[in-house]
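Here is the structure we will look at, set down as structure tokens.
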Amino acid sequence: MNVDLLAHPAEEVAPKLLGSVLTCKTPEGSVSIAITETEAYSGAADPASHAYRGRTPRNTVMFGPAGHLYVYRSHGLHWCANVVTGTDGIASAVLIRAGRVIEGECLARKRRGERIESARLARGPGNFCQALGITAEHSGADLLTGTAVVLSEGEPVPAALIQAGPRVGVSKAHDWQHRFYVAGDPTVSAYRLSPRAKPSTGA
């Protein structure tokens, strides 16, 4: 994966990450997942972004440089993984929402549950991280030159299969068309409108 691909606004990078592969190596073993769903989050111009109100100890990784991993805990329950994009110093990241396990399925199933269907192993951002074994300790990891978590090119997704839609589960700027996914892929998560969502304008 070339850093030049990531050095652009999140909404430009998000659809290009579809088909890319995220691999996480832990003492238990290695799992690789091909990305099938993403969501773009900008900084000060995006009310749904963690960086909307500026830099904090929690979101500082979002401010660059591109090619690093930003991990946060959602609702105190699940870890969520984001690929940092854009220009160093300006917050921008792509949330990885779902993917297809292509290597290490036995380990992913051990983490997620033996009875989980293959298509559901990494469906949803929390499940994606659980299947990979990603936690807070991986936040800030260099995805391009590191060894623990690596982002690499995968099989390109035909442009005709890439669709965009509103973001899932956020209450602000939820209707921005910044969610990108592979049409018809069974690993893509279901769209859910936040009960706190209100109409918005913008991207």
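Hydrogens, waters and symmetry mates are skipped; everything else that's a heavy atom, side chains included, is used. Computed from a predicted model, the values in this text were never measured in an experiment.
Nearest approach of G86 to A66, heavy atoms of both residues: O-CB, 3.7 Å. Considering all non-hydrogen atoms of both residues, I33 and A122 come closest at CD1-CB, 3.7 Å. For the pair A98 and R123, the tightest heavy-atom approach, listed with the atom from each and the gap, is CB-CA, 4.0 Å. Between M62 and S49, the shortest heavy-atom contact is CE-OG, 3.6 Å. Taking all atoms of both residues into account, the shortest heavy-atom contact from I116 to R112 is CG1-O, 3.4 Å. Between V31 and G104, the shortest heavy-atom contact is CG2-O, 3.6 Å.
Evaluation of the side chain to side chain donor-acceptor pair (under 3.5 Å) rule for R120 yields no partner, not counting sequence neighbours. For R100, the salt bridge (Lys or Arg N to Asp or Glu O under 4.0 Å) criterion is met by D185, not counting sequence neighbours. By the side chain to side chain contact (heavy atoms under 4.5 Å, CB included) test, P186 pairs with A119, sequence neighbours left out. Every salt bridge (Lys or Arg N to Asp or Glu O under 4.0 Å) that E105 has, sequence neighbours left out, goes to R109. Partners of Y70 according to the ring-ring contact (aromatic ring centres under 6.0 Å, His included) rule, which considers only residues two or more places apart in sequence or in another chain, are H50, Y72. Applying the side chain to side chain donor-acceptor pair (under 3.5 Å) rule to E12 yields no partners; only residues at least two apart in sequence or on another chain are considered. Not counting sequence neighbours, the partners of T26 by the side chain to side chain contact (heavy atoms under 4.5 Å, CB included) test are C24, E28, R111.
Screening residues 78-132 for ring-ring contact (aromatic ring centres under 6.0 Å, His included), with sequence neighbours left out, gives no hits. Residues in residues 150-167 take part in these salt bridge (Lys or Arg N to Asp or Glu O under 4.0 Å) pairs, two or more places apart or across chains: D46-R167.
In terms of hydrophobic clustering, with Ile, Leu, Val, Met, Phe, Trp and Tyr side chains grouped at heavy-atom distances under 4.5 Å, V150 and M1 are assigned to different clusters. Note: the hydrophobic cluster containing Y41 does not contain V83 (ILVMFWY, side chain heavy atoms under 4.5 Å, direct or indirect links). Following chains of ILVMFWY side-chain contacts shorter than 4.5 Å, one can reach I96 starting from V3, so the two form part of one hydrophobic cluster.
Here CG of L6 is found 6.5 Å from CG of L151. Values are rounded to the nearest 0.5 Å. A distance of 10.0 Å separates CD in E39 from CZ in F180, rounded to the nearest 0.5 Å. Here OG of S139 is found 10.0 Å from CZ of R58. Values are rounded to the nearest 0.5 Å. Separation of atoms CG (L144) and NE2 (H68) is listed at 8.0 Å; rounding is to 0.5 Å. Here the straight-line distance linking atom OG of S189 with atom CZ of R97 works out to 3.5 Å at 0.5 Å rounding. Separation of atoms CG (L132) and CG (N127) is listed at 11.0 Å; rounding is to 0.5 Å.
Side-chain contact between R179 and V168 is present, with heavy atoms from C-beta onward closer than 4.5 Å. Between V71 and I134, some side-chain heavy-atom pair lies under the 4.5 Å cut-off. Contact annotation: the side chain of T187 never approaches that of E37 to less than 4.5 Å [non-hydrogen atoms, C-beta and beyond]. Within the 4.5 Å cutoff, the side chain of W176 has no heavy atoms near those of the P166 side chain.
In the displayed structure, R55 atom CZ is contacted under 6.0 Å by more than 12 heavy atoms of other residues, nucleotides or ligands.
A distance-only check finds no donor-acceptor pair linking the side chain of N2 to the backbone of L5 [under 3.5 Å]. Within the 3.5 Å criterion, the main-chain N or O of A45 finds no donor-acceptor partner in the side chain of S42. Under a 3.5 Å cut-off, the side chain of H8 and the backbone N or O of D4 do form a donor-acceptor pair.
Hydrophobic cluster of V188: the remaining members, joined at side-chain heavy-atom separations below 4.5 Å, are Y181, listed by chain and number.
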Residues 13-23 side chain polar contacts: donor-acceptor under 3.5 Å, at least two apart:
from : atom 1 : to  : atom 2 : distance (Å)
S20  : OG     : L17 : O      : 3.2
T23  : OG1    : S32 : OG     : 2.7

For residues 88-95, tabulate all N or O donor-acceptor pairs below 3.5 Å that involve a side-chain atom, not counting sequence neighbours.
from : atom 1 : to  : atom 2 : distance (Å)
S92  : OG     : A10 : N      : 3.1
S92  : OG     : T85 : OG1    : 2.6

